[in-house]
Novice: 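Below is the structure I would like to discuss, written out as C-alpha cells.
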Protein chains: 4
Amino acid sequence: MKSDKREEILRTALELLVEQGFHGAPMAMIAKRAGVGAGTIYRYFENRDSLILDLYYNIENRITTVLQKEYSLEKPFRERFLAVGTTLLRYLIASPLEFRYLEHFHNSPYGIAFRRDKLMGNSETSGCSIIEELFELGIKQQLLKDFPLVILFDLFFGPIISVARDCTLGFVELDEEATNRIIEACWDAVRR
Amino acid sequence: MKSDKREEILRTALELLVEQGFHGAPMAMIAKRAGVGAGTIYRYFENRDSLILDLYYNIENRITTVLQKEYSLEKPFRERFLAVGTTLLRYLIASPLEFRYLEHFHNSPYGIAFRRDKLMGNSETSGCSIIEELFELGIKQQLLKDFPLVILFDLFFGPIISVARDCTLGFVELDEEATNRIIEACWDAVRR
Amino acid sequence: MKSDKREEILRTALELLVEQGFHGAPMAMIAKRAGVGAGTIYRYFENRDSLILDLYYNIENRITTVLQKEYSLEKPFRERFLAVGTTLLRYLIASPLEFRYLEHFHNSPYGIAFRRDKLMGNSETSGCSIIEELFELGIKQQLLKDFPLVILFDLFFGPIISVARDCTLGFVELDEEATNRIIEACWDAVRR
Amino acid sequence: MKSDKREEILRTALELLVEQGFHGAPMAMIAKRAGVGAGTIYRYFENRDSLILDLYYNIENRITTVLQKEYSLEKPFRERFLAVGTTLLRYLIASPLEFRYLEHFHNSPYGIAFRRDKLMGNSETSGCSIIEELFELGIKQQLLKDFPLVILFDLFFGPIISVARDCTLGFVELDEEATNRIIEACWDAVRR
DNA sequence: GATGAATGAGCGTTCATTCAT
DNA sequence: CATGAATGAACGCTCATTCAT
C-alpha cells in the first residue's frame with residue numbers, strides 16, 4: 001500500500017531484465033509493462049543503475065532472510081550445514097527469476113564493481129555472516145577440509161549454483177530425494 | 001598469415017570486451033585498437049553478434065584442445081578424471097581473459113540463446129564428447145555417484161569454475177599443491 | 001496579505017532564475033524553495049511563461065516607480081536629466097537580482113517576442129512615458145543632439161546598463177562621486 | 001572543402017540558435033536544417049556546449065580580425081578611436097546574426113561562466129588587446145576622462161551595442177552620416 | 001484552495017552498420 | 001580490399017503540466 005508503484009516497477013523490472021537481458025530491457029519497456037509513465041520510474045529510483053542495484057539488494061535480502069529462518073543452532077554441525085545447502089538450492093530453484101537475476105547481475109558491470117568493493121573491504125559483509133561463521137566453526141573444529149574460507153565456499157556453493165542453473169534452464173528436474181543427495185555430495189566435497 | 005587482420009580483430013575484441021564489458025566496447029573502439037578501419041571488421045564478421053559468437057567458439061575450441069591433449073587413455077580412471085579437472089582449472093587461471101569472456105558470454109543474450117539452442121537439441125554436441133564419455137564410463141563402472149550426467153558435471157565443474165573465478169578476481173592465489181587438493185575435493189563430490 | 005503565496009513564488013523565482021539561469025530552474029525547484037506544492041504555482045500563474053513575464057512586469061514597474069519618485073519638475077533640465085541617470089544606475093547596482101533578471105529576460109525567447117510586440121506597436125508604451133517626455137522636451141529645446149529618440153536612449157542608457165553590469169559582476173566598485181561622474185559622461189554623449 | 005559539413009553545421013546553428021533562441025533549437029533541428037544526420041554533428045563537435053562555444057569563438061575572431069584590419073597606427077588618436085567605433089558598429093549592423101548570437105551567448109550560462117573566467121584571469125585577453133592599448137594610450141595622454149579602463153569601455157561600447165541592437169531589431173535605420181555622428185557622440189562620452 | 005504523484009513528449013547523445021571513395 | 005565519414009534509430013533522462021485527493 002505504501003508504495004504500490006515501486007513494487008510493481010521492481011517486479012516488472014525483474015521479469016523484463018531476466019527475460020530480455022540487461023541490454024534488452026529499456027526503461028520505456030519496463031515502464032510500459034509496469035503500467036506507469038516513463039518518468040514515474042525516476043520518482044522511485046534515481047537511475048537505471050539505481051533500479052538495478054536496488055533489485056539486487058532486494059533479492060539478496062530475501063535469500064539471506066530465508067537462510068536465517070531455516071538456520072538453527074540446535075542441530076548438529078553436519079545437519080546445519082546440509083540445511084543451509086538444501087534451503088538455498090530449493091529457494092533458487094523455486095525462484096528462477098531471482099536466481100537468474102543474480103547471475104545476470106554478477107556478470108554485469110554492476111556486479112563486477114560490486115565484487116571489487118567487497119574485495120577492497122569497502123562494504124560491510126552484508127547479511128551472510130551467519131554462513132561465514134558456520135564455515136569458520138567447521139574449520140576450527142576440523143570438520144572441514146583445510147582450505148581458505150573462499151575455497152570452501154566455492155566447493156560447497158559452486159555446484160549448488162550450477163545445479164540450480166541447470167534446473168532453471170530445464171535441463172533436469174529434481175525431486176526431494178535428489179535434492180538431498182546433491183547437497184550431500186556437496187558436503188562430501190568440503191568435509192574432512 | 002592467411003588472415004592477419006581477422007586474428008588481430010579477435011584478439012583485440014577479447015581484450016576489450018572483457019576489459020570494458022560487453023556494453024563498453026563499441027565496434028569503433030575495437031576497430032581502432034585493432035588498427036583497422038571500422039568497416040573492415042564487417043569483412044570478417046557479418047555482425048557484432050557474429051564476432052562475439054566467433055570469439056566464443058574460438059575459446060571453447062582452445063579449451064577442448066587442451067583437455068584432449070592432456071587426456072590419456074592409459075591412466076586409471078581416477079587419475080584421468082583428476083587430470084581433466086586439474087588441466088581445466090590451470091588453464092582457466094592461466095587465461096583470465098578467456099575465462100572472463102566465457103562468463104560474460106554466458107550471461108549475455110548470446111549465451112542465453114546459445115543455451116536455449118543446446119537445450120532444444122539444435123546443436124552438435126560441440127567438442128566435449130570425450131569428457132562426456134569419461135563421465136559415462138564412470139557411471140557404468142559405478143565409480144561415480146548415481147546422478148544424471150548433467151548433475152555430475154555440475155558437481156565436478158561447478159566448484160572448478162567458482163575457484164577459477166575467485167583466482168581471476170584476485171581473491172585467492174593457488175600453488176600447485178592447493179590446486180591438486182581442490183580437484184581432489186571435487187572428485188570427492190562425484191566419486192561413489 | 002492578499003496573496004502571501006504569490007509574492008513568495010515571485011520572490012523565489014527571481015532568486016532562482018537568476019541564480020541558476022532560465023534553464024536551470026525547473027518549476028518543481030521553484031515550488032520547493034518557495035515552500036509550496038508544484039501545482040500551486042499554477043493557481044497564480046497560468047504558465048511558466050506567464051510567471052516569467054509577470055516577474056518582468058513586476059521589476060519594470062518597480063524601476064518606473066523609483067524613477068518617478070525621484071523625478072521633479074522643479075529642477076532645471078540638466079539636473080533632472082542627471083537625476084534620472086543617477087537614480088537608475090544606483091537602483092540597478094543596488095538590486096543586482098532585478099537587474100540580472102532583466103538581462104536574462106531580454107535575451108530569452110520571451111524577451112524577443114516581447115520586443116517584437118513593442119516594435120509592432122502591439123503594446124502600450126509601458127510606464128516610461130515620463131522619461132520619453134523628458135527626452136522629447138530636450139530635443140525640442142535643442143538641449144540634446146539631433147537624433148531620433150531611440151538613439152538618444154541608446155546613447156544615454158546604453159553605458160549605464162554596461163556600467164551596472166560590470167558592477168553586478170564585480171568588475172568595478174563605484175563610490176558616490178564616480179557614479180556622478182559617469183552619469184555626467186553619459187550626459188556628454190547626448191547633450192548638444 | 002576541408003570540412004564542408006562542419007561549416008554548414010556552424011552556419012545553420014548560428015541561424016537557428018538566433019532565430020529560435022538557445023532553448024528552441026534542438027540538435028535534431030540543427031542537423032535537419034543543415035542537411036546532415038543527427039549523429040554527424042557529434043563528429044565535429046564533442047557536445048552541444050562545444051558547438052555553442054565554437055560558434056562564439058568563431059564570431060569573436062571575425063570581429064577581432066575586422067577591427068585589426070581597419071586599425072591603423074598612422075592616424076591621429078581621435079580618428080583611430082572613431083574608426084574603431086565606426087567599424088564595430090557597421091560590422092554589427094551588417095551582421096545581425098552574429099551580433100544577436102553574441103548577445104544570446106553573453107546571457108546564457110556559457111557566457112556567464114566565460115566572463116567569470118575572464119574576471120579570474122583564467123584566460124588570455126583574447127585578441128582585443130589592440131583596443132585595450134588604444135584606450136590605455138588615451139588615458140596616459142590625458143585624452144580620455146579619468147576612469148578605470150572598464151568604465152571607459154562601457155561608456156564607449158555600451159551605446160554602440162545598444163544602437164546596434166535597435167538597428168538589428170528594426171527600430172531605426174542609419175545612413176552613413178548618422179553612423180558617424182553616433183560614434184562622435186560616443187567619443188564625447190569618453191573624451192576629456 | 002493546496003498538494004505532489006504521475007505523466008509523456010522531447011531532449012542530448014551513442015553506436016552498429018553502410019557505402020562512396 | 002580497406003577505409004572511416006555519415007547515418008538515424010534508440011536510449012536514459014528531465015520537467016512543464018495535470019488532476020485525484
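Every value quoted in this text rests on a predicted model; they were computed, and no experiment measured them. Note on naming: letters A, B, ... go to the chains in the order of the sequence lines (proteins, then strands), and numbering restarts at 1 for each one. Just so you know, these numbers use all the heavy atoms, side chains as well, and skip hydrogens, waters and symmetry mates.
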Novice: Donor-acceptor pairs are to be reported for all side-chain atoms of residues 11-18 of chain A against protein atoms at under 3.5 Å, with residues two or more places apart or in another chain.
Specialist:
unit_1	atom_1	unit_2	atom_2	d
A/Arg11	NE	A/Glu8	OE1	3.3
A/Arg11	NH2	A/Glu8	OE1	3.1
A/Thr12	OG1	A/Glu8	O	2.7
A/Thr12	OG1	A/Glu8	OE2	3.4
A/Glu15	OE1	A/Arg33	NH1	2.6

Novice: So, using side-chain hydrogen bond (donor to acceptor under 3.5 Å, both in side chains) as the criterion, who are the partners of A/Arg6 when residues are at least two apart?
Specialist: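 Counting only residues at least two positions away or on another chain, A/Arg6 forms a side-chain hydrogen bond (donor to acceptor under 3.5 Å, both in side chains) with A/Asp54.
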Novice: Nearest whole angstrom, please: distance from the P of E/dG12 to the CZ of D/Phe45.
Specialist: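 The answer, rounded to whole Å, is 15 Å.
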Novice: Mind calculating the distance between CD1 (D/Ile30) and P (E/dT13) to the nearest angstrom?
Specialist: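 Interatomic distance, CD1 of D/Ile30 to P of E/dT13: 11 Å.
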Novice: Please compare A/Val36 and C/Ile41 by the position of their nearest nucleotide in DNA chain E and report the one closer to 5'.
Specialist: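 Counting from the 5' end, the first nearest nucleotide belongs to C/Ile41.
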Novice: Determine yes or no for a side-chain-to-main-chain donor-acceptor pair under 3.5 angstrom, with C/Tyr56 supplying the side chain and C/His106 the backbone.
Specialist: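 No, because the side chain of C/Tyr56 does not come within donor-acceptor range (under 3.5 Å) of the backbone of C/His106.
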Novice: Rounded off to whole Å, could you give me the CE-to-P distance for the A/Met29 and F/dA9 pair?
Specialist: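 These atoms are roughly 18 Å apart.
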Novice: In the 5'-to-3' direction, what one-character label does each nucleotide of nucleotides 15-21 of chain E receive under the scheme B = base within less than 4.0 Å of a protein heavy atom, S = sugar-phosphate only, - = no such atom?
Specialist: SSBB---
Novice: Check whether any side-chain nitrogen or oxygen of D/Lys5 sits under 4.0 Å from OP1 or OP2 of F/dA6, and answer yes or no.
Specialist: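 For D/Lys5, the contact criterion (side-chain N or O under 4.0 Å from OP1 or OP2 of F/dA6) is met.
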Novice: Report the C-alpha separation of B/Glu98 and B/Leu102 in whole Å, then their side-chain angles, then the decisive distance to 0.1 Å, and conclude whether the side chain to side chain contact (heavy atoms under 4.5 Å, CB included) test is met.
Specialist: CA-CA 6 Å; B/Glu98 271 93 336; B/Leu102 292 183; 5.6 Å; no
Novice: Let me have DNA chain E in dot-bracket notation, would you? Count Watson-Crick plus G-U wobble pairs, both distances under 3.5 Å, and use [ ] for pairs crossing earlier ones and | for inter-strand partners.
Specialist: .||||||||||||||||||||
Novice: If you compare every side-chain N and O of A/Tyr44 against the phosphate oxygens of E/dA5 (OP1, OP2), does one of them come in below 4.0 Å?
Specialist: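 No, no such contact exists.
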Novice: Write down the atom of B/Thr168, the atom of B/Pro96, and the distance for their closest heavy-atom approach.
Specialist: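 Where B/Thr168 meets B/Pro96 most closely, the heavy atoms are CG2-CB, 3.9 Å.
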Novice: Mind calculating the distance between CD (D/Glu8) and P (F/dA5) to the nearest angstrom?
Specialist: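 Spelled out: CD on D/Glu8 to P on F/dA5 is 19 Å.
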Novice: List the atom pairs, with distances to 0.1 Å, where a side-chain N or O of residues 36-46 of chain D and a protein N or O form a donor-acceptor pair under 3.5 Å, not counting sequence neighbours.
Specialist:
unit_1	atom_1	unit_2	atom_2	d
D/Thr40	OG1	D/Gly37	O	3.4

Novice: In whole Å, I'd like the distance from the CZ atom of A/Arg43 to the P atom of F/dC13.
Specialist: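 Nearest whole value for this atom pair: 16 Å.
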Novice: According to side-chain contact (heavy atoms from CB on, under 4.5 Å), who are the partners of A/Asn47, at least two apart in sequence or on a separate chain?
Specialist: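 side-chain contact (heavy atoms from CB on, under 4.5 Å) list for A/Asn47, sorted by chain: A/Asp49, A/Ser50.
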Novice: Can you confirm whether D/Ile59 sits close enough to D/Phe105 that some side-chain heavy atom of one is under 4.5 Å from a side-chain heavy atom of the other?
Specialist: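 No - every pair of side-chain heavy atoms lies 4.5 Å or more apart.
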Novice: In whole angstrom, give the distance that lies between atom CD of A/Gln20 and atom P of F/dC11.
Specialist: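 Checked: the CD to P distance equals 11 Å.
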Novice: Checking C/Ile161 now: which residues fulfil side-chain contact (heavy atoms from CB on, under 4.5 Å) with it, not counting sequence neighbours?
Specialist: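 For C/Ile161 the side-chain contact (heavy atoms from CB on, under 4.5 Å) partners, ignoring immediate neighbours, are C/Leu92, C/Phe99, C/Glu103, C/Arg165.
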